[in-house]
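Have a look at the structure below before the remarks.
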Amino acid sequence: MKKPMKRFLLLIAGVVMLGFVSSCKEEGPHKDDIVKFSAVINSSATVPKATSAGQGTGVFEYNKNTMELKYNINYQNVTPTSVNIHSANPSWEAGPLLFTYPATGNQVQGTQKLNTEQQTMLILGMLYVNIPTKENIYGEIRGQIIADKFEE
C-alpha cells in the first residue's frame with residue numbers, strides 16, 4: 001500500500017476513534033451530588049445473634065457537597081431503647097457506635113453531618129443500623145446501609 005493511502009486510512013481511523021470516545025458519557029452515582037442508600041433491618045445479622053419478629057427499613061440520602069446524611073428509619077414489632085448507627089470492618093462484625101438517636105414511635109428521621117472518615121465508611125458499606133431493646137442490649141434487629149443500584 002502506498003504511503004498516501006496509509007496516511008489517509010490512519011486519518012479516517014483516528015476520526016472514527018475520536019467519534020467513539022467523544023460519544024461516551026460518563027454517568028453513575030459518583031457523578032451525582034446525592035447518593036441513595038438503604039437498609040433492610042431484621043434479626044438475621046445481629047451480633048450476638050438475636051431472634052426477633054422485629055423488622056424495619058432505612059432510607060438514606062447522602063449529599064456529597066454538604067456531607068450530610070438524611071435518614072428515615074422505620075421499624076415494627078420491636079420496642080427499642082434507641083436507634084444507632086455503627087461502623088464495622090468487616091461489615092458482618094459488631095462495631096463501634098457512631099451516632100445514637102432517641103426511639104420515638106416507629107420511626108426516626110433527621111440529618112447527620114459526616115466527617116471524611118465516616119463518608120468513606122458509608123460508601124464502602126461499613127455502616128449499619130442497630131436497634132437495641134431492654135432484652136437485647138447489643139441489638140435486636142440490624143441492617144447494613146448499602147448503596148442503591150444505579151440505573152441508567
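Owing to the predicted nature of the structure, the values given are computational and were not obtained by experimental measurement.
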Calculate, to the nearest 0.5 Å, the distance between atoms CH2 and CZ belonging to Trp92 and Arg142 respectively.
11.0 Å
Kindly indicate whether the side chain of Leu122, heavy atoms from C-beta on, has any atom under 4.5 Å from the side chain of Leu69.
yes
Hey, could you give me the CD1/CG distance between Ile85 and Leu127, rounded to the nearest 0.5 Å?
7.0 Å
Kindly say whether Gln118 contributes a backbone atom to a donor-acceptor pair with the side chain of Asn115 at under 3.5 angstrom?
yes
Asn63 and Asn65: which non-hydrogen atoms are nearest, and at how many Å?
OD1-N, 2.8 Å
Between CG on residue Leu98 and NE2 on residue His86, distance to nearest 0.5 Å
8.0 Å
Is there a side-chain contact between Pro102 and Ser82 (heavy atoms, below 4.5 Å)?
no
Is it the case that more than 12 heavy atoms not belonging to Lys113 sit under 6.0 Å from its NZ atom?
yes
If you look at every heavy atom in Phe99 and Leu97, which pair is closest and at what distance?
O-CD1, 3.3 Å
Test log, rule side-chain contact (heavy atoms from CB on, under 4.5 Å), inputs Val59 and Lys36
CA-CA 8 Å; Val59 178; Lys36 296 182 180 188; over 6 Å; no
Taking every heavy atom of Gly54 against every heavy atom of Ile141, the minimum-distance pair comes out as O-CG2, 3.4 Å
With heavy-atom distances below 4.5 Å as the criterion, would you say the side chains of Asn72 and Gln107 are in contact?
yes
Any chance you could measure Glu93, atom CD, to Tyr128, atom OH, to the nearest 0.5 Å?
9.5 Å
When you check the side-chain N and O atoms of Glu61 and Tyr71, is any donor under 3.5 Å from an acceptor?
no
Criterion side-chain contact (heavy atoms from CB on, under 4.5 Å) on Tyr101 and Gln109, from CA distance to verdict
CA-CA 9 Å; Tyr101 311 109; Gln109 58 184 344; over 6 Å; no
Could you tell me the separation between the CD1 atom of Ile146 and the CG atom of Leu124, rounded to the nearest 0.5 Å?
12.5 Å
Please test Phe60 against Val35 for side-chain contact (heavy atoms from CB on, under 4.5 Å), starting from the C-alpha separation and ending with a verdict.
CA-CA 8 Å; Phe60 306 86; Val35 183; over 6 Å; no
Minimum heavy-atom distance between Asp148 and Ser38, given as atom pair plus value:
OD1-OG, 2.8 Å
Would you compute the distance between atom CE of Met126 and atom CD of Glu117 and round it to the nearest 0.5 angstrom?
8.0 Å
Would you check if there is a donor-acceptor pair between the side chains of Gln119 and Tyr62 at a distance under 3.5 Å?
yes
Working note: Val129 + Val83, criterion side-chain contact (heavy atoms from CB on, under 4.5 Å); need CA distance, chi angles, decisive distance, verdict.
CA-CA 7 Å; Val129 176; Val83 175; 4.2 Å; yes
Side chains of Ser52 and Asn77, heavy atoms from C-beta outward: is any pair under 4.5 Å?
no
So, the side chain of Asn130 versus the backbone of Tyr138: is there a donor-acceptor pair under 3.5 Å, distance only?
yes
Please determine which of Asn74, Ile131, Thr57, Val78 meets the side-chain contact (heavy atoms from CB on, under 4.5 Å) test together with Ile41.
Ile131
Which pair of non-hydrogen atoms, one from Pro80 and one from Tyr75, has the smallest distance, and what is that distance?
CG-CE1, 3.4 Å
Give me the atom names and distance for the closest heavy-atom approach of Ser87 to Met121.
CB-SD, 3.5 Å
With no hydrogens and no angle check, just 3.5 Å: does a side-chain donor-acceptor pair link Glu68 and Thr111?
no
